[in-house]
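Please read the structure below before turning to the comments.
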Amino acid sequence: QVRIPIEIRVWARTEKEREELGQQVYDRLRSNQFGSSGVTTTANLHDFSLESAVPVDEEAGEDVVKSLVMQFSWFFITAS
């Protein structure tokens with residue numbers, strides 16, 4: 001087995017929008033994991049995990065871009 005890390009960053013105009021977009025990404029990836037979709041099963045990806053989600057303000061101030069760095073991982077089942 002090999003653990004495959006994936007990093008996804010979402011950008012938004014507000015903190016609320018950032019959190020909503022982050023939740024949508026998480027929900028989409030989670031709903032495609034083993035047992036609920038053939039997509040990850042066919043690709044031999046199993047054991048989906050959200051490792052971290054770190055909010056980032058790209059600059060100081062009120063009207064600045066907000067981002068969320070999300071790290072996910074899956075196990076990739078290799079042939080023996």
- Single-linkage hydrophobic cluster, 4.5 Å side-chain cutoff, Val56 and Val10 together: no
- Message: Do Leu29 and Ile8 make a side-chain contact, defined as non-hydrogen atoms from C-beta onward lying under 4.5 Å apart?
- Response: yes
- Can Phe72 be reached from Ile4 by stepping across I, L, V, M, F, W or Y side chains whose heavy atoms are under 4.5 Å apart? yes
- Write down the atom of Gly22, the atom of Met70, and the distance for their closest heavy-atom approach. O-CE, 3.3 Å
- Query: Do Val64 and Trp11 belong to the same hydrophobic cluster, where Ile, Leu, Val, Met, Phe, Trp and Tyr are linked whenever their side-chain heavy atoms lie under 4.5 Å apart, directly or via other members?
  - Reply: no
- Task: Ignoring hydrogens and angles, state whether a donor on the side chain of Gln71 or Ser73 is under 3.5 Å from an acceptor on the partner side chain.
- Result: no
- In this structure, which one of Arg18, Gln24, Gln23, Glu19 forms a side chain to side chain contact (heavy atoms under 4.5 Å, CB included) with Leu21? Gln24
- Under 30°, 30 to 60°, or over 60°: which ring-plane class applies to Phe48 and Tyr26, parallel, tilted or perpendicular? tilted
- Message: Just checking Arg3: does its CZ atom have more than 12 heavy atoms from other residues, nucleotides or ligands closer to it than 6.0 angstrom?
- Response: yes
